[in-house]
Novice: 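Sharing a structure here in structure tokens format.
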There are 2 protein chains.
Amino acid sequence: MADVAREVGVTAKTVSRVLNDDGPVAVETRERVMEAVRKLGYQPNLMARNMRVGARDAAIGLVIPEMGNPFFGTVAGGVESVVRPRGLTLIVGSSSETAELERSLVATFLARRVSGLMIVPSAAGDHRYLRTERAAGLPIVFLDRPAVGMAADHVVSGNREGAREGVAHLVAHGHRRIGFVGDLPAVLYTRRERFQGYRDALAAAGLPFDRALVESGHDQEAASAAVVRLLALPDPPTALFAANNFASMGAVVALARARRRDVALVGFDDLPLAEVLEPPLTVVAQDPAAIGTAAAELVLSRLDGRPSRAAHREQIPTRLIARGSGELPPSR
Amino acid sequence: MADVAREVGVTAKTVSRVLNDDGPVAVETRERVMEAVRKLGYQPNLMARNMRVGARDAAIGLVIPEMGNPFFGTVAGGVESVVRPRGLTLIVGSSSETAELERSLVATFLARRVSGLMIVPSAAGDHRYLRTERAAGLPIVFLDRPAVGMAADHVVSGNREGAREGVAHLVAHGHRRIGFVGDLPAVLYTRRERFQGYRDALAAAGLPFDRALVESGHDQEAASAAVVRLLALPDPPTALFAANNFASMGAVVALARARRRDVALVGFDDLPLAEVLEPPLTVVAQDPAAIGTAAAELVLSRLDGRPSRAAHREQIPTRLIARGSGELPPSR
DNA sequence: TTGACACATGTCATCGTTGACATGCGCCGT
DNA sequence: ACGGCGCATGTCAACGATGACATGTGTCAA
């Protein structure tokens, strides 16, 4: 900036005035400044500016478990579509689903003085350490899963309701033994909720819950293996509910390999080529982009000063898409 | 920081020394400072620090066309896996494949004084405006496609070679009329290269090039429609080469809807459920994570001062994965 | 003619942090 | 006993920008 000022023969302050449309500047001076700016390729230093005006960094920190997973990618896209038009930059990091990485990412973001924090919390974490920041007015919103140990804004899918609807759909088509394939049980919020929805649907239909019909696996291969185990049971399920996209893919693969076209399947979360599978896959679709946009809007509204002590919870509804695999009748 | 200093009864400088392990500090003082830091929940202000030390922001700016596309999501994941261990933060923005957004994103990143710039360039852009920055020593690497109007480092897939291999595979299985379904022709680098590879393979086999067998569409639906047009030709192709993931999905869907299991298909870029499609999809797989990591490592090596005037080009090889759809014999 | 006022620009201090250099004190060797 | 050295800490300025306030000039009404 000093260079530009020297070039034009004015003070840095005047250049600043021109660039910020702040205070009166002679038309001719303005033009000469603009020209010098172009000539020297000057770009104001955002870091310095932010520091001076005491503002937080015009950025939003987003923590997701993995970038490669299209679900979270789409969530991130939703976030970006909302924050960018507001002039905010998106800073992203992936936690690999570990509490340590998540925490270190958050620390980095806080040190950068981001204007808002959006977190897809890792299973094992505890977010009490963020209380101070939240109390200090920093907008913090959790996505896909609520915070642990702290009441905070969060945006989640209608996991329990969606799972209930999906399983009820299978029940409505005559199934009485329905297998559940989900992520590892432990602590994952979405898995818990969807499992509850599964039990809700069974209970509503007066069907018994059979622990033997519940299998787990974290990735696609593990889910496949889980399905193989279920099908090998003495009294195997006639239908399966896959509680997430990897479980769905694993189930689809396992059934295809076993050439079992008679087992009904409903997956949680939609897949790209669902309609051309054999049979076409029935799913309970989430709306990841909507989760992102809703969460981002929540952050913005907090930024615009709607502090509100109370934690706001937003639930994005799911949508059952019947395509064939969920409408198969029981094979026995 | 001043607060911490006051709490302990020392100067800010001493606190700074403790936190940066810089210069000698009495053990006792160090401990008292650390305790005050904990007590007050103090976090050093990175913006101020960076400004003072005149360093660039410890961040890498990444521009991708869309976050929702798993290809670019995986690329971003690859980038992050390399830059994070180096203490660099990843700043991401999506250009929606438009030159304007791309440029405005780059401007934002430059104003933030990022340490490096990684760009998946939009089709219509011209990157001459980045010459100054590059000359000034800012590491700039282009991913998936080279820069336009400027020689710069870039990491791309072996598009032409991969496409040639894929099409040659179809030729080897007896096909003589092979349709090409790609993105809109215009200017997109990857489309051009893959198209060249297609022509290379035809030429190598002594097959004629027939313009009627080339169709385009930007998204999945358009690609589907393109395939429908190809199949409706008086002398239709017996095999198809789909030049990107959307084209592949569109082709798969179109063939499935038309119940045409006799048309051979090779897609460029792998798809999640490729193996369970009917028939299983043969693809020329790219390695998006490798593109990301290679590009990130290039940036880091430039950061470590391997300036080198010359632009470095890195090509990530593709891999043909035969699964069935590409090995179908011609139906006539 | 004078003073009030609008306008164009300048001066200075400051944001939070850290480099460069200064200070004060105790200890050691000669 | 004294110079010199090392340690612990302090002082000051500066990074690049802008807010608060000051200055200087021209215009116009009284």
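A note on names: the letters A, B, ... follow the listed sequences, proteins ahead of strands, and every chain is numbered from 1.
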Novice: Just wondering, do R17(A) and V33(A) contact through their side chains at under 4.5 Å, heavy atoms?
Specialist: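 SC-SC contact between V33(A) and R17(A) ruled out.
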Novice: Can you see which heavy atom on A5(A) is nearest to which on A12(A), and at what distance?
Specialist: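 That closest heavy-atom pairing would be CB-N, 3.6 Å.
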Novice: Quickly work out the R49(B) CZ to dG16(D) P distance and round it to whole Å.
Specialist: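 Atom CZ in R49(B) sits about 16 Å away from atom P in dG16(D).
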Novice: At the 4.0 Å heavy-atom cut-off to chain A, mark where contacts on DNA chain C begin and end, going 5' to 3'.
Specialist: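 Here the contact window of chain A covers dA8(C) to dG16(C).
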Novice: Rounding to a whole Å, what distance do you find between R56(B):CZ and dG16(D):P?
Specialist: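 Atom CZ in R56(B) sits about 12 Å away from atom P in dG16(D).
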Novice: So what does N50(B) hit on the nucleic acid, given a heavy-atom distance under 4.0 Å: a base, only sugar-phosphate, or nothing?
Specialist: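 Nothing, no heavy atom under 4.0 Å.
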Novice: Select from A48(B) and D22(B) the residue whose nearest nucleotide in DNA chain C is closer to the 5' end of that strand.
Specialist: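 Nearest nucleotide further toward 5': that of A48(B).
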Novice: Give a yes or no on whether E35(B) atom CD has more than 12 heavy-atom contacts from other residues, nucleotides or ligands under 6.0 Å away.
Specialist: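 Atom CD in E35(B) is not crowded, with 12 or fewer foreign heavy atoms closer than 6.0 Å.
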Novice: How close or far is atom P of dA20(D) from atom NZ of K13(A), stated in whole angstroms?
Specialist: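 Interatomic distance, NZ of K13(A) to P of dA20(D): 9 Å.
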Novice: Between the axis at one end of the helix from dT1(C)-dA30(D) to dT30(C)-dA1(D) and the axis at the other (five pairs apiece), what's the angle to 10 degrees?
Specialist: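 Here the local axes at opposite ends form an angle of 60°.
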Novice: Would you mind reporting whether L62(B) and F109(B) have side-chain heavy atoms less than 4.5 Å apart?
Specialist: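 No, every pair of side-chain atoms sits at 4.5 Å or beyond.
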Novice: Can you see whether R86(B) engages S115(B) through a side-chain donor-acceptor pair at a distance of less than 3.5 angstrom?
Specialist: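 No donor-acceptor contact under 3.5 Å links the two side chains.
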Novice: Check whether any side-chain heavy atom of Y189(B) lies under 4.5 Å from a side-chain heavy atom of V148(B), and answer yes or no.
Specialist: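 Not in contact.
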Novice: Strictly by modelled atom types, are S16(A) and R49(A) linked by a side-chain donor-acceptor pair under 3.5 Å?
Specialist: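 Checked: S16(A)/R49(A) side chains show no N/O donor-acceptor pair below 3.5 Å.
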Novice: Relative to the 5' end of DNA chain D, which residue comes earlier, T29(B) or R52(B), by the nucleotide with the nearest heavy atom?
Specialist: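 Nearest nucleotide further toward 5': that of T29(B).
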Novice: Looking at dA17(D), dC15(D), dT9(D), which one has an atom nearest to any side-chain atom of R17(B)?
Specialist: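 It is dT9(D).
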Novice: Can you work out whether P24(B) or R113(B) has the more 5'-proximal nearest nucleotide on DNA chain D?
Specialist: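 Between the two, 5'-proximity favours P24(B).
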Novice: Scan T11(A) against the nucleic acid and name what it touches under 4.0 Å (heavy atoms): base, sugar-phosphate only, or nothing.
Specialist: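 Result for T11(A) = base.
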Novice: Between P on dG16(D) and CE on M47(B), what's the gap in Å once rounded to a whole number?
Specialist: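 Atom-to-atom, M47(B) to dG16(D), this comes out as 16 Å.
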Novice: Are V120(A) and R145(A) close enough that some pair of their side-chain heavy atoms sits under 4.5 Å apart?
Specialist: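 Yes. Closest side-chain heavy atoms under 4.5 Å.
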Novice: Count the heavy atoms belonging to other residues, nucleotides or ligands that lie under 6.0 Å from CE of M150(A), then report whether that count exceeds 12.
Specialist: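 Yes, the 6.0 Å shell around CE holds more than 12 heavy atoms from other groups.
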Novice: Rounding to a whole Å, what distance do you find between Q43(A):CD and dG16(D):P?
Specialist: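 For the pair Q43(A) CD and dG16(D) P, the rounded distance is 15 Å.
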